Amino acid sequence: MIVEEETTDKNNADDSNGNLLVNGGFESWSTSLPDEWTTIDSDVSVSQNTTIYNEGVSSAEISVNSGSQGDTDIRQSIDVTEGITYSFSTWVYHTEGLIKARLYIGTEYATYSDNTILNAWQEVTYSYTAAASGSIEAGIRFYDQTGYVDPEIVYIDDFSVSSDSSTDTSEYYASAADLTGLELKTALYNIIKDHTTKTYSNLWDFMGTNSLDVYYENDGTILDMYSENPSSSDTYNYTPVTDQCGNYSGEGSCYNREHSFPKSWFNDEYPMYTDIHHLFATDGYVNGKRSNYPYGVVGTSTFVSDNGSKVGSASSDLGYSGTVFEPIDEFKGDFARAYFYMATRYEDIISTWEVNSDSADAVLDSRSDYVFEEWVITMLKTWNENDPVSQKELDRNEAAYEFQGNRNPFIDHPEYVSEIWAD
């Protein structure tokens, strides 16, 4: 049994990046239906197709088996909030052109697909504003056309929904407008400095409310980026508050408050110690394995978590030869933007942190301007580009602003990264 010595760390189903649906890419199939989806009529059958797909490695192959469609739907339930506008999208592939498809959202219907476009993908979209908070059904309904002879095959892929709940931050960033390079970075520092310092126990309250899985499995358990499986069911889940660490003996024991930017790098000092923009709920055991190692790309692993996060020796082309921790691709951008935040929020003191540990020395270069070693800048920029800002990050940034009074500029404006850390 290990007593949890909180070290450092980090915080959608297969279509994250803003998708509120589960398994909208139809990648996960535990039964004859795609996980989390259901059919409304026996005259619609669904199977996985790994030959014709728009993204990923599979699509939903829909066989419409009746010429009389009333409720020939494939659907799932999602939660919506009153007054919020949601953007729905799916991709449709017609084979014969004698079936049309359209989105079914609550009790509303989108424009029909163009059934004259054959053997090619087309996007069908719909904008829906929730009249009340609660659960609605979302999916696709199929309709026969003149000349239809059953069955006909239609393929569906990349069903997504995102909420238009972003805040207008133009006034917040007004003093940084039209700036680039280090002038932009310092302007951002002046905007986000002096946030309200919270206590360490306050972090449990924030995570119990704002670190919940309403994006992948949508089950309200703790969303832990070290254990979340974006394209399948998680091997374990944590109940908010109840499963706080605590002691741990292996994965799945409890979750803790992980400093993704290790606390030893800044000598456990405040306000960094409780700055929520780099603190995430994570599995205690995996957090312990991460220790205070730099984030990096692993060449040879010595430990792999249930979701594929790794500890091991750095890849030969990384530019660093020590031990690193590599999160899964789904969340690399999240961590990168947290690091760019730290480099900006603490530009007045971060130049002194390099000497605090060997890992800090490997990542930081004793500068207050660009802050990081060149290999770190290259890697973090790549992660920021390859894993764009997700709805999860947008929501969390809003919650963090309410919690401690400042925002992460690199979530609101990911383009700031390349404008500051230019090639």
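Model, not experiment: these values are computed from the prediction. Just so you know, these numbers use all the heavy atoms, side chains as well, and skip hydrogens, waters and symmetry mates.
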Quick check: Y172 with Y401 (ring centres under 6.0 Å apart)?
yes
How many angstroms lie between atom CD1 of I74 and atom CD1 of I156, to the nearest 0.5 angstrom?
8.0 Å
Lys NZ or Arg CZ of R75 over Y104 ring: under 6.0 Å, within 45°
yes
Measure the shortest side-chain to side-chain distance between P409 and L188 over non-hydrogen atoms and say whether it is less than 4.5 angstrom.
yes
Applying side chain to side chain contact (heavy atoms under 4.5 Å, CB included) to D158 and F26, what does each step give before you reach the verdict?
CA-CA 7 Å; D158 299 324; F26 303 103; over 6 Å; no
Do the side-chain N and O atoms of D283 and Y238 include a donor-acceptor pair separated by under 3.5 angstrom?
yes
I want to check something: taking the side chain as every heavy atom from C-beta on, are Y255 and W204 in contact at a cut-off of under 4.5 Å?
yes
Side-chain heavy atoms of D243 within contact of I222, under 4.5 Å
no
Report the C-alpha distance between F410 and N384 in whole Å, list the side-chain angles of each, state the deciding distance to 0.1 Å, and finish with yes or no for side chain to side chain contact (heavy atoms under 4.5 Å, CB included).
CA-CA 9 Å; F410 305 100; N384 177 61; 5.7 Å; no
So do the side chains of S305 and E251 get within less than 4.5 Å of each other, counting heavy atoms only?
yes
For side chain to side chain donor-acceptor pair (under 3.5 Å), just list the numbers for D35 and S30, CA-CA rounded to whole Å, side-chain angles, deciding distance to a tenth of an Å, and then say yes or no.
CA-CA 6 Å; D35 292 359; S30 300; 3.0 Å; yes
Quick one: list whatever passes side chain to side chain contact (heavy atoms under 4.5 Å, CB included) with E354, sequence neighbours left out.
D361, L364, S366, E373
Are the side chain of N23 and the backbone N or O of S28 linked by a donor-acceptor pair below 3.5 Å?
yes
Paired with Q122, the side-chain contact (heavy atoms from CB on, under 4.5 Å) test is passed by just one of I117, N115, T90, namely I117
Looking only at atom types and distance, does a side-chain atom of T186 sit under 3.5 Å from a main-chain N or O of E183, one as donor and one as acceptor?
no
Separation between CE (M342) and CH2 (W265), nearest 0.5 Å, reads 9.5 Å
Looking only at the side chains, is there a donor atom on one of N408 and R337 sitting less than 3.5 Å from an acceptor on the other?
no
Donor-acceptor pair, side chain of N406 and main chain of I192, under 3.5 angstrom:
yes
Return yes if a side-chain donor-acceptor contact under 3.5 Å exists between D412 and Y173, otherwise no.
yes
To the nearest 0.5 angstrom, please state how far the CD1 atom of I349 sits from the CD atom of E269.
7.0 Å
Closest heavy-atom pair, D73 versus V44, reported as atoms and distance to 0.1 Å, is N-CG2, 4.3 Å
Output the distance between atom CZ (R345) and atom CG (D194), rounded to the nearest 0.5 Å.
6.5 Å
Donor on one side chain, acceptor on other, N292 and S264, under 3.5 Å
yes
Residue that, paired with H259, satisfies ring pair (Phe, Tyr, Trp, His ring centres under 6.0 Å) out of Y339, Y273, F280:
Y273
Testing the 3.5 Å rule here: is there a donor-acceptor pair between the side chains of S357 and S359?
no
Quick check against the 3.5 Å criterion: does T274 have a side-chain atom that pairs as donor or acceptor with the backbone of K198?
yes
Residues E398 and R407 bridged, charged N to O under 4.0 Å:
yes
Do H278 and Y341 have ring centres separated by under 6.0 Å?
no
Would you say Y189 and D348 are linked by a side-chain donor-acceptor pair, where the criterion is simply a distance under 3.5 Å?
yes
Among side-chain atoms of Q404 and T196, is any donor-acceptor pair under 3.5 angstrom?
no
Nearest heavy-atom approach of G308 to K310 is O-CG, 3.3 Å
Heavy-atom distance under 4.5 Å between the side chains of Y346 and P271, does that happen here?
yes
Taking the side chain as C-beta and beyond, is there a heavy-atom pair between T95 and Y155 under 4.5 Å?
yes
For residues 319-328, which side-chain N or O atoms pair as donor and acceptor with protein atoms under 3.5 Å away, sequence neighbours left out?
from: E326; atom 1: OE1; to: V298; atom 2: N; distance (Å): 2.8
from: E326; atom 1: OE2; to: K332; atom 2: NZ; distance (Å): 2.7

Taking the side chain from N54 and the backbone from D157, do they hold a donor-acceptor pair closer than 3.5 Å?
no
Walk me through whether K185 and W421 qualify under side chain to side chain contact (heavy atoms under 4.5 Å, CB included).
CA-CA 9 Å; K185 180 169 174 284; W421 284 272; 4.0 Å; yes
D234 (side chain) donor-acceptor with N229 (main chain) under 3.5 angstrom
yes
Minimum heavy-atom separation for S77 and E137, please, with both atom names.
CB-OE2, 3.6 Å
Donor-acceptor check, side chain of S113 to backbone of A101, threshold 3.5 angstrom: yes or no?
yes
Sub-4.5 Å side-chain heavy-atom contact between N237 and D219
yes
Ring-face cation of R290 near Y295 (centre distance under 6.0 Å, axis angle within 45°)
yes
Test E123 against S89 for side chain to side chain donor-acceptor pair (under 3.5 Å), laying out the working first.
CA-CA 7 Å; E123 186 179 19; S89 168; 2.6 Å; yes
What's the separation between atom CD1 in I78 and atom CD in Q76, rounded to the nearest 0.5 Å?
7.5 Å
Residue pair F88 / A138: nearest heavy atoms and the distance that separates them:
CE2-CB, 3.8 Å
Is the closest side-chain heavy-atom distance between Q48 and E61 below 4.5 Å?
no
I would like to know whether N256 and T282 meet side chain to side chain donor-acceptor pair (under 3.5 Å); could you show each step before the answer?
CA-CA 5 Å; N256 63 12; T282 60; 3.1 Å; yes
With sequence neighbours excluded, what pairs up with D205 under the side-chain hydrogen bond (donor to acceptor under 3.5 Å, both in side chains) test?
none
Within the side chain of D275, is there an N or O that forms a donor-acceptor pair under 3.5 Å with the backbone of H277?
yes
Looking at W37, W91, Y126, which hits ring pair (Phe, Tyr, Trp, His ring centres under 6.0 Å) with F159?
W37
Shortest non-hydrogen separation from Y248 to C254 and the atoms involved
CB-SG, 3.9 Å
Nearest non-hydrogen partners of D387 and G333, listed with the distance
OD2-N, 2.8 Å
T344 side chain to F340 backbone, donor-acceptor under 3.5 Å
yes
Could you tell me the separation between the CH2 atom of W353 and the CD1 atom of I350, rounded to the nearest 0.5 Å?
4.5 Å
Can you check whether F206's main-chain N or O pairs, donor with acceptor, with N210's side chain at less than 3.5 Å?
yes
The test is salt bridge (Lys or Arg N to Asp or Glu O under 4.0 Å); show your working for K392 and D334 and say whether it passes.
CA-CA 10 Å; K392 169 176 62 63; D334 303 53; 2.4 Å; yes
